[in-house]
Every structure is written in C-alpha cells, then in structure tokens.
Amino acid sequence: MAYDFQTIEKKWQHTWETGGTFNADADPGREKFYCLEMFPYPSGALHMGHLRNYSIGDMMTRFLWKKGLNVLHPIGFDAFGMPAENAAIKSNTPAAEWTWHNIEHMTEQLKRMGCSYDWRRRVETCNPDYYKWTQWIFLQFLKKGLAYRKNSPVNWCESCATVLANEQVINDGRCWRCDTPVVKRNLEQWFLRITDYAQELLDDLDNLPGWPERVKIMQRNWIGRSEGARLSFRETSTGEEIETYTTRFDTIFGVTFLALAAEHPFVEKIMSISPKADEIGEFVKRCAAQSSIERSAAGEEKEGIFTGLRAVNPVTGEDFPILIANYVLMDYGTGAVMGVPAHDQRDFDFARKYGIPVKPVINPPDGEILDGETMTEAFEGDGITCNSGHFDGLPTARAIPEMIEWGVEKGLCEKEINFRIRDWLISRQRYWGAPIPIVYCDECGAVPVPEEELPVLLPESVKPSAGGASPLASDEEWINAPCPKCGRPGKREADTMDTFICSSWYFFRYCSPRNDKEVFSKEEAAYWMPVDQYIGGIEHACLHLIYARFFTKFFADLGLSKAREPFTNLLTQGMVIKDGAKMSKSLGNVVDPDEIISKYGADTARLFILFAAPPGNDLDWSEQGVEGAHRFLNRVWRLVEENLDLLKDASGAPLIPMKDLKEPRLREMKRRIHAAIDAVTRDIDVEKQFNTAVARLMELLNALHQFRPETPEEKVLFREGADALLACLNPFCPHVTEELWELSGHGEPLAMLPWPEAEEEALKADTVTVVIQINGKVRERADFPAGLAGDELKQRALELPGVARRLEGMEIVKIIAVPDRLVNVVVKG
RNA sequence: GCCGGGGUGGCGGAAUGGUAGACGCAGCGGACUCAAAAUCCGCCGUGGGCGACCACAUGGGGGUUCGAGUCCCCCCCCCGGCACCA
C-alpha cells in the first residue's frame with residue numbers, strides 16, 4: 001500500500017506558495033547564492049529534459065538554504081520564438097495567446113514538481129515590461145557603435161523563412177532548429193560587434209575553473225584565434241594591391257599563385273578588363289549558387305579559373321598567376337589567399353589540377369629533400385627552411401617569428417590576429433520577437449527610437465505568414481511612424497531580434513524583475529551577480545553561453561555591473577534517453593512527466609532522476625527504476641509510520657554522544673548515521689554526485705530498518721537516525737520528508753532547518769576489516785581494532801593461523817602495512 | 001584529419017594507487033497467503049571443486065609499483081565538438 005503522495009504533495013506545495021517560503025531578498029549581511037537553471041521555452045508542456053534540469057537545480061537550492069545561505073532561485077520563460085508563430089499559422093490562434101496559455105500551464109507543472117522558486121520574480125521575455133529593456137539594451141549597443149547595419153551574404157533558412165547567426169548554423173550547414181540546409185542570401189541586416197570582445201571572451205575562459213573543460217574547449221574552437229601576418233601582392237597590370245592573410249609567413253618564398261574568393265571585390269575589376277570576362281562571370285555565378293554545405297565540405301573538388309592577370313611576390317620579385325577559387329572564403333581573413341602548394345594540402349590539390357608549379361621551401365626534419373616535381377602531397381609539418389635566401393636552415397618554430405619580424409621591419413607585412421567568430425547577426429524576418437527599435441527616414445536614415453518611447457510594442461493583431469517577408473511589414477498602421485528626428489513620415493524596422501538576445505540578459509533581470517526605471521537595479525545585481533551555479537544542457541555551449549558572456553561584459557563596460565563573467569560554476573546535464581535514443585516525438589519514445597507525477601508523485605520522479613545517473617551522464621529512463629525509487633519512499637514512509645509511538649517517546653530526549661555509547665551494536669549504528677551524513681554532504685556539495693548521495697541514504701534506511709530498537713537508549717539513537725534520514729533526503733524529496741517530519745512530532749518545518757552535521761567522533765570506526773595479501777593477492781581478512789600502527793599490524797597479521805600456514809617454508813622479503821587497510825607480505829620461494 | 005569525453009556484471013552505475021562491482025533494477029530461491037499482489041529473508045561477475053578454497057576478470061597489448069579500473073606508453077572501438085579558417 002503506497003503512501004498518499006497526492007494529498008501530501010498538494011499540502012506542502014500550498015504551504016510553500018502561501019508562505020513564500022523560498023522568496024529571497026538581497027541582504028548584504030548574509031552570504032548569497034544564486035542558483036539558476038536555464039529557463040524553458042514555453043512549448044506547451046515540460047518534457048523529461050526539463051524535469052531533470054529542474055530536479056537538479058531544486059535539490060541544490062534546497063540544500064543551500066539548509067546550509068544557511070540566502071539563495072536566489074528564480075524561473076521564467078524564454079517566450080519569443082518560432083513555435084508560437086507556427087502554431088498561430090496552423091491553428092489560427094494568436095501567438096501571444098498560445099504562448100501565455102503555455103506559460104501558465106508550465107508554471108503549474110513546475111509547482112507540481114515542488115520546485116522552490118521565488119515566484120515573485122518570474123519573467124517572460126515576450127512581456128513588454130521585459131522586452132522594453134531588451135530594446136533599451138539594443139540602443140546602448142547602437143550608442144557605443146557596437147550595433148551596425150550591413151549588407152552581406154547571410155545564412156538563410158528556407159523553412160524558418162529567416163536569417164540565422166553563424167552560431168545557429170550547425171551540422172554541416174544546417175539550421176539549428178529544423179535541420180534544413182542553409183543557403184546564402186544578400187541582405188541588409190543588423191549585427192552586434194561580438195568580435196570586439198573575442199579576445200576577452202577567449203582569455204576569460206581561463207578564469208572559469210568551475211566550468212567543464214569541454215565547454216571551454218568548444219568555445220575556444222568557436223572563437224578560433226589565429227596569429228599570422230597580413231601582406232599585399234601587387235597586380236601587374238593595374239597596380240592594385242591585393243591583401244592576403246597567412247599564419248605561415250615562413251612559406252612566403254614558396255608562393256606560386258594567388259587565389260581570390262568569388263565574392264572578392266577585385267573580381268569585378270577583373271571582369272571589366274579581362275578578355276575572359278564572360279567565362280569568369282559564369283564561374284563566379286556558379287560559386288555563388290553553391291550552398292554553404294557544398295562549399296564548406298572538405299572533400300569537395302577544388303575548382304578555379306585563371307584570370308589572365310599576374311601578381312608579384314614582394315619578397316622575391318617573382319610573379320605568378322591570379323586565380324579565382326571556390327575554396328577561398330570571403331568572410332575569413334581578406335578573402336584572398338597566397339597559394340603555397342608545397343606546404344598546404346588544399347593549395348597542393350589545386351596546383352596539381354591546374355598545372356601550377358610546386359616549390360618546396362621547407363624540408364622535413366628527417367633529412368629528406370623535397371622535390372616539387374615528384375611530391376605526392378603537401379608537407380605541412382615543421383622542418384628546416386630552404387630555398388628562402390638567408391633564412392635557409394632555420395627550423396620552423398624560429399622561422400615563423402623571425403621572418404615576420406623581418407617582414408615588418410622591411411615594411412612588407414603586418415602582424416595580425418584573426419578570429420573565426422563573426423559578428424552576431426541579430427535580425428530575424430519573423431513576427432514573434434522583440435521589435436528592433438529603429439525608424440527609417442528618407443532624410444535621416446536609420447534613426448533609433450528614443451529611450452523614453454520604449455517599448456516599441458509588438459502589434460498583437462498581426463497574422464504571421466509562412467512566406468519570406470517580415471510579417472510586421474504588412475501591418476500598415478504599425479509600420480508607418482514619424483521619424484523621431486525630423487518628424488517626416490518614416491517606416492519602422494520590420495525585423496525582430498534574434499531570441500538569443502532576450503536570453504542573454506534574463507539572469508540580470510531576475511535580480512530586480514519589477515524595476516520599471518532601469519534595465520536592472522545596480523545594487524541588486526551587485527548583490528546577486530554573478531550566478532553561482534548555472535545548470536543546463538550542453539547544446540548551448542557555443543550559443544547562449546557565449547552570447548550571455550558577451551552581454552555581461554558589455555554591461556560591465558557600461559558600468560551597470562561589476563561582474564565580467566555571468567556564471568561562476570556551470571553544470572551541463574546529460575540527455576534523457578530511452579531505448580537507446582534521445583526522447584523525441586518522432587521516435588515515439590517520450591515519457592510524459594505529468595503521467596509519472598500522477599502515478600508515482602513528484603518526490604519519486606525527482607528521486608529517480610537524481611539517482612539513476614550522475615548529472616553529467618545521459619540518463620536512461622526506466623519505469624522499473626522509477627518503481628524502485630517509489631519502493632524506497634514507501635519504505636521510508638513505513639519506517640516512520642510503524643515506529644511513530646517509539647519516535648514520539650524519544651522526542652525531546654538529548655542525543656547520546658558517541659563516547660557515551662558502549663555497546664558495539666549501538667556504536668555501529670551511530671557510526672552509520674554519521675557516515676551517511678558525512679558522505680551525502682560531500683557528494684552534494686563537493687562531488688556533485690547526487691546518485692551516490694541517494695545510495696548512501698538507501699544504506700542508512702537499510703541499517704535503520706534492521707536496527708529494531710528496544711531500550712530507551714536505542715530509541716533515542718533510532719530517532720537520531722530517522723531524523724538524519726529525513727533531513728538529508730529533504731532536498732531530494734521535499735514533500736514526503738516534510739510530512740514525515742511533522743508526523744514524527746517536530747514542530748518546525750524541515751525546509752529551513754539547518755543541514756545536519758556529522759559528529760567527528762562518530763565517524764571513527766572501532767574495528768576495521770584489514771586485508772592480508774601475500775604477493776599482492778588477497779588471502780585473508782581480519783577484524784582488528786582501528787588505528788593499529790604498522791609494526792603491531794604486521795605482527796598481528798602474521799599471527800593469523802591462515803596466514804602463518806601459507807607462509808610456511810617461505811622467505812619473507814618485506815611487509816607493507818597500511819593502517820586500517822591492508823598488509824601485504826612479499827615472499828620468495 | 002584535429003580536439004575532447006568514454007569503454008567495469010544481464011542493465012543503470014560504485015570504487016583518496018590498497019577487499020573491484022557500493023546502491024538500485026532485472027533474475028533466482030524461500031517465508032507469509034487458499035492464491036496472487038504487496039512485504040520480508042537469502043543468493044546473484046565467469047570457470048573449477050562437496051567443501052574451506054583456487055583460477056580468471058574493469059576494451060586489447062606493454063610498463064611503473066609490494067600492489068593498477070585508477071599512473072605512463074602503444075593500439076582498437078563508441079560518443080560529442082570542430083573541420084577548405086589560409
């Protein structure tokens with residue numbers, strides 16, 4: 001017979017809500033802790049990934065409250081985005097209505113989970129009170145010259161009918177949301193200058209010891225810093241200087257061609273003077289038509305076309321042909337590459353295909369002498385410089401810096417650092433997002449909406465369409481607005497902001513969510529920020545987690561906050577798996593959290609999730625595992641219920657310290673209680689291994705279950721154990737533990753009672769099992785008094801009959817003794 | 001290709017260089033019951049032996065050490081990230 005979790009959970013949820021139990025206010029006199037889980041998109045209902053995320057965060061929050069900290073634990077909704085729009089198109093429900101309905105439903109679900117949020121602080125990014133400040137932040141970027149408009153080839157998703165930022169193009173050029181191959185389009189779009197922060201974003205990763213190494217590595221890769229040199233080659237007929245960027249300036253003597261991207265500005269000039277203009281034009285068109293998937297595939301056949309023009313190597317005076325090549329990208333470096341086929345595989349493949357000479361300028365360190373005629377692949381490794389004038393004989397490690405140094409002195413090149421990360425494209429041709437607060441005027445150009453006129457409200461009547469144009473442009477009433485500068489008729493910016501903007505600063509807003517005067521209160525942010533513990537999925541490693549760092553640095557530079565990093569500790573939880581695959585609707589392997597909570601209760605769901613795997617691992621969903629967790633809670637319930645009288649008898653009696661317990665059985669019970677407290681505390685606080693913490697509590701329950709107290713002394717001890725079990729289990733299963741705590745005669749609720757502390761004296765064992773090895777193999781075990789020193793331990797081990805028998809006729813070489821652990825006898829013969 | 005993270009029973013997973021497999025799931029045997037469920041007790045890495053025991057065993061191969069799942073070297077496999085970035 002199961003305990004009545006339905007009634008109990010409702011009861012305590014009601015108590016917490018009406019009592020504001022988990023509301024937190026800034027209090028400079030108290031140590032704070034900011035515990036945050038990534039806020040959900042209100043897609044309709046919580047899924048298991050959410051349940052896991054919020055179970056982890058809630059358990060930690062409750063633990064930290066009990067440790068005496070002032071804990072900020074807020075939640076909100078990342079409420080702008082495509083699904084609302086799609087739902088609007090499909091079911092003819094306004095996006096706002098759909099979204100707000102989901103928000104209310106999911107709020108109810110979070111409450112049913114027993115989550116300890118400060119609900120006063122809930123924010124929704126689609127709320128004008130919120131996006132007013134999203135727009136304000138955009139204006140600050142604009143003011144600082146960090147927001148700008150540019151016409152450029154941008155990533156376009158046909159299915160989402162909008163552009164995407166580089167970070168949002170994943171899996172070989174596909175849309176992060178719908179997996180559709182992305183194409184390039186030329187559009188005038190808004191960008192944020194995240195590249196201004198590239199170096200700091202990279203450097204500060206070293207100041208984040210609380211982040212998983214792999215997330216930091218992913219960000220380093222994404223930022224992609226490279227050191228090299230910029231140098232120009234003069235085109236012989238026009239005298240035009242064509243700039244290139246190289247990380248291998250030491251190969252400058254090996255340049256045998258120059259390759260331009262099809263979009264390179266000089267290509268137009270070439271067409272105007274070249275007799276081959278038609279042919280070249282056709283090639284350029286073909287390149288442009290290739291999707292970014294085709295163009296960025298490493299195995300793709302390299303194609304090029306001779307332009308008939310030539311350029312001169314400023315170092316050697318040699319001249320060589322200029323080509324246009326499909327493997328040269330316009331948006332990295334200068335869009336032009338110096339071709340060194342002997343030492344770059346791509347250049348090599350290209351040169352062989354088009355009969356361009358290969359000129360080695362580095363020989364391998366093993367003494368081999370390369371021959372450009374017969375080489376079958378490029379030599380890209382380090383070696384000894386050759387065919388390079390007075391630099392011959394230098395090893396690569398010295399050649400690169402020394403040759404750049406020389407080039408800079410001679411005025412041939414400049415040192416340059418390049419980044420792979422690009423400026424953040426934030427325009428979206430969508431309806432359900434924060435409007436970009438700009439009015440276009442024929443006279444004044446793009447004019448920012450004055451701050452006092454914010455928010456630029458999103459009209460709720462607009463019907464989003466599946467087509468390509470920005471839906472807002474179709475709202476005549478909305479789109480027409482006077483120029484804020486000159487008052488003449490103008491048109492509003494019809495694009496909305498990338499929703500990743502909204503989620504880049506919500507953790508600041510939580511600090512003062514109802515502030516209608518400022519983006520956030522400096523004082524409140526100074527107290528709460530940075531977030532001490534952030535919990536979420538790893539899929540945001542190069543998206544949200546970079547953007548949020550960028551915004552935080554920008555706020556610091558505006559003087560709004562001192563924090564230069566938003567998240568001190570990051571926990572990336574694994575996925576929830578079933579039948580070997582991530583839960584997904586298309587695979588039909590989803591388990592509905594509502595059903596689990598209805599059938600077993602929130603405590604059971606939370607316990608299973610935390611017990612089944614360490615938080616970083618993928619979690620294999622198992623209904624039998626859930627039943628196991630439920631069985632455990634029923635046993636806890638019975639342990640208290642069946643011993644209620646006894647527990648009440650013992651209430652109020654002072655605990656018996658270890659030194660006053662004589663009987664071994666009682667001393668052992670006491671030790672187990674405190675060993676459990678000690679281990680659970682360490683697992684939660686230090687190791688972040690919640691599965692083993694639960695295992696220790698299961699052991700404690702098993703021990704209590706077998707204890708069967710009779711004497712008054714035993715009853716006091718039993719009560720101590722039951723109390724410890726409930727107190728330690730409370731952050732995991734807050735409802736059932738709270739109910740049992742009350743039932744067993746405690747006045748005050750558990751939630752805010754101090755976390756139990758292990759008694760040092762009670763952790764020491766009286767006797768220990770020592771293992772006796774002979775030549776490293778376990779041969780005997782013996783219970784000895786704890787703390788025997790080496791010599792005595794050896795003595796007693798050798799006296800054991802089993803050991804003595806085995807050692808007969810053997811010569812003892814040496815004996816290793818580890819107190820309280822083992823004795824290893826090394827023998828010969 | 002480069003950079004990470006992994007590989008331990010039937011399964012999820014434990015193990016400061018010191019008893020490999022905690023805890024749970026599944027399975028097997030027993031008690032209770034007219035019976036079943038629930039519950040309780042016991043067994044549960046593989047092979048051998050009636051047995052106390054013995055051998056083997058943490059992806060494979062070497063090494064360091066009295067002692068290696070753990071440290072070092074080489075290799076295989078799986079997962080993730082990046083990848084024509086000049």
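Keep in mind it's a predicted model, so treat the numbers as computed, not measured. Values below: all heavy atoms of this structure, side chains included; hydrogens, waters and symmetry mates excluded. Each chain gets a letter, A, B and so on, in the order its sequence line appears, and its residues count up from 1.
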Output yes when at least one side-chain N/O atom of [X] is less than 4.0 Å from OP1 or OP2 of [N], else no.
X: A/Arg638; N: B/C40; answer: yes
X: A/Tyr332; N: B/A86; answer: yes
X: A/Gln689; N: B/A15; answer: yes
X: A/Arg635; N: B/C40; answer: yes
X: A/Arg779; N: B/C54; answer: yes
X: A/Arg248; N: B/C85; answer: no
X: A/Asn617; N: B/G13; answer: yes
X: A/Lys777; N: B/C56; answer: yes
X: A/Arg682; N: B/U16; answer: no
X: A/Arg631; N: B/C25; answer: yes

For [X], which contact category applies under a 4.0 Å heavy-atom criterion: base, sugar-phosphate, or nothing?
X: A/Gly628; value: sugar-phosphate
X: A/Leu822; value: base
X: A/Asp347; value: nothing

Should we say atom [atom1] of [X] is surrounded by more than 12 heavy atoms from elsewhere, each under 6.0 Å from it?
X: A/Glu539; atom1: CD; value: yes
X: A/Arg672; atom1: CZ; value: no
X: A/Arg796; atom1: CZ; value: yes

Of the listed nucleotides ([options]), which one gets closest to any side-chain atom of [X]?
X: A/Ser226; options: B/A86, B/A22, B/G13; value: B/A86
X: A/Val826; options: B/C40, B/U19, B/C66; value: B/C66
X: A/Glu699; options: B/G24, B/A22, B/A83; value: B/A22
X: A/Asn691; options: B/G24, B/G4, B/A14; value: B/A14

### Message
Pairing check on B/A26: which nucleotide meets the Watson-Crick or G-U wobble criteria with it, both distances under 3.5 Å?
### Response
none
### Task
Using both distances under 3.5 Å as the test, list the Watson-Crick or G-U wobble partner of B/C85, or none.
none
### Query
Which label fits B/G9, syn or anti, where anti is any glycosidic angle not within 90° of 0?
syn
#### Entry: N/O donor-acceptor pair, side chain A/Asn221 with base B/C82, under 3.5 angstrom
no
### Query
What about A/Arg422: does its side chain form a donor-acceptor pair under 3.5 Å with the base of B/C85?
yes
## Note on the structure
In short, A/Cys413 meets A/Leu231 closest at the heavy-atom pair CB-CB, 3.8 Å
### Message
Let me confirm one number: the CD1-CZ distance from A/Ile609 to A/Phe611, rounded to the nearest 0.5 Å.
### Response
13.5 Å
### Query
Can you tell me how far C1' in B/C84 sits from the matching atom in B/G7, rounded to whole Å?
34 Å
### Message
Between A/Tyr600 and A/Glu623, is there a side-chain donor-acceptor contact under 3.5 Å, judged purely by atom types and distance?
### Response
yes
